[in-house]
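Here the structure is laid out as structure tokens; the discussion comes afterwards.
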Amino acid sequence: MIEIKQYISEVIHAGLAKLEIKEYALVEKSANPDFGDFSSNIAMGLAKTLRKNPLEIAEMIQVELTIDKKIISEHSVTPPGFLNFRVAKSFYQETVTQIIAAAGTYGRTDTGKGKNANVEFVSANPTGPLTVGHGRQAVLGDTIANILEWHHYDVTREYYYNDAGRQMRILGQSVAARYFEQLGREGDFPEDGYEGEYIKTIATEIREQHGDSLALDDKIFRTHAEELIFADIKNTLETIGINHDIFSNERTYYDNGAIDALVEDLRNKDLIYKSEGATWLKATALGLEKDRVYYKSSGEPTYRLPDTAYHRDKLNRNFDLIIDIFGADHADTYPDVLAALEALDIDTAPVRVLIHQFVTLLKSGERVKMSTRKATFVTLEELIKQVNTDVVRYFFIMRSMNSHLNFDLDLAVNQSEKNPVYYLQYAHARICNIIKNGAEKDLTVTGDLDCALLLNESEISLIKVLNVFPEVMATALENMEPQGIANYLHHMSAEFHKFYASCRVITDDHDLSTARLNLITAVKIVLGNGLGVLGVSAPERM
RNA sequence: GCCCCGGUAGCUCAGCUGGAUAGAGCAACGGACUUCUAAUCCGUAGGCCACAGGUUCGAAUCCUGUCCGGGGUACCA
């Protein structure tokens, strides 16, 4: 399939060559269809160096253009100096055939062929249920993994958690406190303890399974809590279609000596020192702003240390691409991790860190800080139960990861039936139904059609949008930002609904019906492919 | 204080690697179902793109500063 922008760009470059001008010509979609489909601002860029009016330059270039009329039907120059190009209808019309032939592969590239990628996401420590905050990262990460797979990367989805630190110890203590409370004894609830109701449930379950005579410091409290909470987390993730391939944890890196080895290696580079009872990484020697603690004066390591060992291990596993998805609160930590590894001559180039902003919880118009410890959260499970998976996934994906997201459960539930995801799904279902109706009249989709019959304005604009899909998917890979796909699919659906309102597909005109059936099949393919990557279902009926 | 995000319609957000007239959904108002699904379509209304400078042929978009909100700057994760 000829990539139209590239074609125009080549045409312009050929014209420039004749004028002995070397300059990169950017071609973009025209904002206003009156000017054509694509335009280039090359003349304006040249105005200064050539010391000429951009309009004159544009006209000069235009004369030198050699254009295939079958691809570009007309071209013009408009003030202040745009070169405009209108794509021939016949060119557009034929892409329908090509999309149907490509079907499930339309829009895919081989960028990732033969390459391995690792996407680490969610990675919440098992101290409580997943919240809507985690939901954002979960959906984002899974969708990014899907995008990579779409472009033929071999993807490993990974969940990393800290199970050896302070957090988990406090979790165990919180459970123990509730356990003794239930036995009528004074529970010594830790100051930073986990206050959620689920802690009580876990305590009750421990009593049922292990009796009432456990000692305060029994390991059961922690291990049982971790087990139950993890089961709950995995279950929630599975409900929205997320399955990690690997769960890795901090403890592994203590057990296999990786952490000691890391500290030793850094010490040999003179990057470790002791001060005020703590052990520090000399990050300032690596060009960073301040030194960081590896071991607290209590002897306990900070999360930074195992995280660094973990990343060393990930890099050793030879992935071509390693994606870390962190919330904004972690934005400050990865530079230390990467710098420490670079200091050990480890190439961290495969690592790409994506930071997403937080979900702000609103309760009766007020901001509430979501905290697992204080149990001020809305669980992801709760959200899924009240709306559905498709709504949840789309809800998170339709926002840019850079934007702060306000979340009000009541509002989310009340507005769920207005979620734009239904707009996309409805378009898909409508198409399926029409195809079914066509089949009953022996009209089938074979990709064999008279493209020239697709003349209606709404048909042409539909085809134009279909054509953009590969570019949208390529950009999503480049930017690692799924939102663009959601925006595009919404636009695609809007064009379809408009078409539906102005053109009837199944009529007595056999050839026209066939042509239109093929056209909407192409739309179905694009919607199906796009929704598939978003992890949203494409229903046949609604 | 310093660093990172954000500030666009009443609300939630697109557009941000500079382009021609700033978009969508929700909310509001008015139309369209004897015809393949009205979860749809068509129309009206709604904007000093936070503010002030700068860069240039051209700025919502880039730079600087200010203000507001979120996060970080912890021997929490």
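Quick note on labels: first sequence line is chain A, next is B, and so on, each numbered from 1.
The glycosidic torsion of B:C48 lies more than 90° away from 0, placing the base in the anti range.
In this model, no side-chain donor or acceptor of A:Ser403 finds a partner on the base of B:C13 within 3.5 Å. Interface remark: the A:Thr78 side chain does form a donor-acceptor pair with the B:A20 base, using a distance-only criterion of under 3.5 Å. With hydrogens and angles left out, the side chain of A:Asp332 and the base of B:A74 share no donor-acceptor pair within 3.5 Å. Side-chain atoms of A:His404 come within donor-acceptor range of the base of B:G69, with a qualifying N/O pair under 3.5 Å. Residue side chain A:Thr127 does not reach the base of B:A77 through any donor-acceptor N/O pair under 3.5 Å, judged by distance alone.
Base pairing annotation: B:C41 forms a Watson-Crick or G-U wobble pair with B:G31, both donor-acceptor distances under 3.5 Å. In this structure, B:C2 and B:G72 make a Watson-Crick or G-U wobble pair, each of the two defining distances being under 3.5 angstrom. When both distances must be under 3.5 Å, the Watson-Crick or G-U wobble mate of B:C26 is B:G10. Both distances falling under 3.5 Å, in either a Watson-Crick or a G-U wobble arrangement, place B:A50 opposite B:U66.
Contact between the side-chain N/O atoms of A:Lys29 and the OP1/OP2 oxygens of B:A20 is not found at any separation under 4.0 Å. Residue A:Gln415 places none of its side-chain N or O atoms closer than 4.0 Å to OP1 or OP2 of B:G25. One finds no side-chain N or O of A:Lys290 lying less than 4.0 angstrom from the OP1 or OP2 phosphate oxygen of B:C2. In this model, the phosphate group of B:C26 is not approached by any side-chain N or O of A:Tyr422 to a distance below 4.0 Å at OP1 or OP2. Not one side-chain nitrogen or oxygen of A:Arg304 sits closer than 4.0 Å to the OP1 or OP2 atom of B:C76. In this structure, A:Asn41 does not reach the B:G19 phosphate: none of its side-chain N or O atoms is under 4.0 Å from OP1 or OP2. One finds a side-chain N or O of A:Lys418 lying less than 4.0 angstrom from the OP1 or OP2 phosphate oxygen of B:A27.
Within 4.0 Å of A:Arg504, counting heavy atoms only, lies at least one base atom of the nucleic acid. Base engagement by A:Gln357 is indicated by at least one non-hydrogen atom pair under 4.0 Å involving a base atom.
Counting heavy atoms of neighbouring residues, nucleotides and ligands inside a 6.0 Å radius, atom CD of A:Glu289 does not exceed 12 of them.
Cation-pi check for A:Arg430 over A:Tyr500 is met; the charged atom lies under 6.0 angstrom from the ring centroid and within 45 degrees of its normal.
Between the side chains of A:Asn249 and A:Tyr160, no donor N or O sits under 3.5 Å from an acceptor N or O. Looking only at atom types and distance, the side chain of A:Tyr394 has no donor-acceptor partner in the side chain of A:Gln425 under 3.5 Å away. Counting only N and O atoms by type, the side chains of A:His330 and A:Thr333 include no donor and acceptor under 3.5 Å apart.
Summary of the strand contacts: A:Ser400 and A:Arg367 both lie near RNA chain B, and taking for each the nucleotide with the nearest heavy atom, the more 5' one is attributed to A:Ser400.
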